[in-house]
Amino acid sequence: QLACPLDLGCHSVKKNKPKGMLHWVAEPTPGQEPASAEARLYENLFTIENPAAAEDWLERLNPTSE
């Protein structure tokens, strides 16, 4: 079970930027092999939203980012 809000206007307003997107994959036809996929999770590269505004952007790199 998945419970989440739906915001249909999130693409039209920049300040209401979503933190992530879900993409649904349909169930395969019986007797056919389902499509395979690989999912990767990444941390933010920077610890601040606008690294260009920082005096030293290298200090703002996220140490947990891979």
Side-chain angles (χ1 to χ4, degrees):
Q1 180 179 2
L2 177 66
C4 59
L6 174 63
D7 186 0
L8 296 175
C10 69
H11 295 294
S12 61
V13 181
K14 285 193 173 197
K15 67 180 180 179
N16 197 15
K17 182 179 174 184
K19 293 186 179 188
M21 295 282 184
L22 292 176
H23 298 276
W24 300 101
V25 178
E27 188 173 317
T29 306
Q32 289 187 351
E33 187 71 24
S36 63
E38 180 179 331
R40 297 180 183 194
L41 298 176
Y42 294 96
E43 294 291 330
N44 290 334
L45 181 58
F46 295 99
T47 58
I48 58 175
E49 189 171 325
N50 185 6
E55 289 184 28
D56 186 6
W57 60 270
L58 288 174
E59 290 183 1
R60 301 300 185 165
L61 286 173
N62 185 355
T64 61
S65 178
E66 296 183 7

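Computed from heavy atoms alone, side chains included, the values below leave out hydrogens, waters and symmetry copies. FYI, the numbering just counts along the sequence from 1.
A search for side chain to side chain contact (heavy atoms under 4.5 Å, CB included) contacts involving Ser36 returns nothing, not counting sequence neighbours. In this structure, Asn44 has no side-chain hydrogen bond (donor to acceptor under 3.5 Å, both in side chains) partners at least two apart in sequence or on a different chain.
Grouping Ile, Leu, Val, Met, Phe, Trp and Tyr by side-chain contacts under 4.5 Å, direct or through others, puts Trp57 with Leu45, Phe46, Leu58, Leu61.
Legend: salt bridge (charged side-chain N to carboxylate O under 4.0 Å, His left out) pairs involving residues 43-55, not counting sequence neighbours: none detected.
Side chain of Thr47 to main chain of Asn62: no donor-acceptor pair is present (N/O by atom type, distance under 3.5 Å, no hydrogens or angles).
In this structure, the separation between CZ on Arg60 and CG on Asn50 is 11.0 Å, given to the nearest 0.5 Å.
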